[in-house]
Each structure stands twice: as structure tokens, then as C-alpha cells.
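Predicted, not measured: the structure shown is a model, and the values here were computed from it.
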Amino acid sequence: MAETAPLRVQLIAKTEFLAPPDVPWTTDGPDVSGGSALVEFAGRACYQSWSKPNPKTATNAGYIGHIIDVGHFSVLEHASVSFYITGVSRSCTHELIRHRHFSYSQLSQRYVPERTAAMVEPDVIANDPELHQRFHAAAQASQQAYNYLLAGLEERFADEPNATLRRKQARQAARSVLPNATETRIVVTGNYRAWRHFFAMRATEHADVEIRELAVECLRQLHKAAPNAFGDFEISVLPDGTEIASSPFVSEG
């Protein structure tokens with residue numbers, strides 16, 4: 001039976017901010033740093049408002065909240081985070097890569113053999129015994145077909161002297177029988193504005209269930225890593241038990 005892979009999202013990089021020593025400004029505490037501090041600094045640099053004359057925007061949370069409220073989203077583009085995501089299907093990443101302001105590095109099926117590739121099974125199938133059995137039968141059949149084709153193609157290209165090219169020629173053709181459910185792994189980097197737009201589009205009940213689960217998990221981690229920039233998004237549970245997220249500032253995310 002084909003192995004199934006659970007979703008795993010790991011925050012692997014985030015913006016570091018180095019305050020210029022010649023600017024008479026500090027943010028409001030040791031807990032505010034990195035991307036959140038950079039966003040505030042960038043916004044204040046536009047107006048040279050280092051003295052914080054307005055008490056409503058004197059804190060980092062107040063300042064970023066005001067930026068989001070008035071739609072000054074460009075300053076959010078200075079800060080970014082990177083996630084390493086595993087346990088997602090090729091179907092999911094086909095949707096994910098439509099978000100063009102992200103940067104991606106995805107597992108290569110031309111280089112990495114998929115002889116024992118795991119699958120990502122939708123919960124709606126996994127929770128039905130008959131459908132679950134049919135899913136695994138189909139996944140097993142596709143995996144067997146892949147291995148059969150790969151063996152035949154490796155034999156056909158055996159005379160190719162370049163070992164890397166020989167492997168790629170075989171694997172790129174054999175992968176054509178793998179299903180959309182095949183697990184993939186991907187590094188995704190995006191600035192705060194791009195992540196907010198992603199959540200606005202993909203964390204709603206109208207989004208595909210798998211990419212919605214991914215979006216909510218990324219948001220949950222950004223609630224911890226950059227709460228002032230993402231705290232307006234609230235996670236809630238639908239009657240079917242799945243989660244969504246929404247913000248009152250959804251015009252551009």
C-alpha cells in the first residue's frame with residue numbers, strides 16, 4: 001500500500017533588521033525585531049516621523065495596524081519569511097505557484113526518483129473506507145506503472161555516456177503516470193504583503209481544502225513570528241471541522 005504523507009510546515013528564515021545608528025529612532029521593546037521593526041522603520045522613513053508624535057501609532061503594533069488600515073501595503077514588502085513545506089500534493093503546488101510574488105524551489109522529479117513516492121490523501125476520501133481503499137489501489141497502480149516504465153527507460157538509455165542525462169531522460173518520461181496526489185516538497189519565500197494576499201485568497205472556505213489547510217498553518221506560524229503584521233487575521237472552525245482565516249482588511253490582503 002502506498003504511503004501517505006502528513007502536512008508539515010517549517011519556518012526556516014525571516015528578515016533580520018539592523019537599525020542605522022544615525023537615525024534617532026527605536027521601536028517599542030525587545031520583542032519587536034526583524035521584519036516588524038523593518039516595516040515600521042520603512043514607513044517612518046517615508047515621512048521622517050522618528051519622534052512618534054501620534055500616540056495611536058507610537059507603538060509598533062499601532063503603526064503597522066494603521067498601515068494595514070489605510071492600505072499602505074508597499075512597506076510590508078520589505079520584510080519576508082521562508083517556509084519549507086512537505087506533505088503537500090502536486091495538485092496543491094500547482095495552485096500555490098500561481099501566487100507569482102512568491103519565490104519557489106520545488107523537488108525535481110527529473111532528478112529525484114519517485115519509486116516509493118508518498119501520496120497525499122484528501123480527508124474526505126480517507127474518512128470513507130471504500131473510497132480510501134480505491135484511492136490506495138489507484139496510487140499503488142500508478143506507482144507500479146512508474147517503476148515499470150522507469151526500469152524500461154533506464155534500459156533504453158543505458159548507452160548514454162552522461163549518467164546525469166541518462167537518469168533525467170528516464171525519470172522525466174516515467175513521471176508522466178504519477179498522479180496529482182504525489183507528495184512534493186517545496187521552499188516558499190515571500191514578503192509580508194504577498195503572504196497576506198495568499199491568506200486572503202486561500203484561507204477562505206471557497207478555497208481548495210488542502211491549500212486552505214496549508215494557508216492556515218502558515219498563518220498560525222506567522223501569528224507567532226510577526227503578530228503585529230498578521231494578527232488581524234483570525235482563524236475559525238467551519239461546521240465540517242476544517243479551519244478558515246479572515247481579516248477585515250481583505251481588499252488587498
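- Remark: aromatic rings of W195 and F230 are distant, center separation not under 6.0 Å.
- Applying side chain to side chain contact (heavy atoms under 4.5 Å, CB included) to V88 and the options V9, V120, L7 leaves one that passes, L7.
- A donor-acceptor contact under 3.5 angstrom links the side chains of N228 and N60, judged on distance only.
- If you check the side chains of E40 and T27, you find a donor sitting under 3.5 Å from an acceptor.
- Using a 30° and 60° split on the angle between ring planes, H72 and Y47 fall in the perpendicular class, above 60°.
- No more than 12 heavy atoms of other residues, nucleotides or ligands sit less than 6.0 Å from atom CD of E234.
- Salt-bridge check for E243 with R212: failed, with every basic side-chain N at 4.0 Å or more from each acidic carboxylate O.
- Note on ring orientation: taking the six-membered ring where Trp is involved, the planes of H99 and F198 are perpendicular (angle over 60°, cut-offs 30° and 60°).
- Looking only at atom types and distance, the side chain of T189 has no donor-acceptor partner in the side chain of S103 under 3.5 Å away.
- Side-chain contact between F135 and H132: absent, with no pair of heavy atoms (C-beta onward) separated by less than 4.5 Å.
- Heavy-atom neighbours of E155 CD from other residues, nucleotides or ligands within 6.0 Å: at or below the threshold of 12.
- At a cut-off of 3.5 Å, with distance as the only test, a side-chain donor of Q106 or T93 sits close to an acceptor on the other residue.
- Around OH of Y111, the count of heavy atoms belonging to other residues, nucleotides or ligands within 6.0 Å does not exceed 12.
- In the model, R193 has no side-chain atom that pairs as donor or acceptor with a side-chain atom of H101 under 3.5 Å.
- Residues Y192 and E77 are not in side-chain contact: their nearest non-hydrogen atoms beyond the backbone lie 4.5 Å or more apart.
- Inter-residue side-chain proximity for Q169 and L153 is flagged as unmet; no heavy-atom pair is nearer than 4.5 Å.
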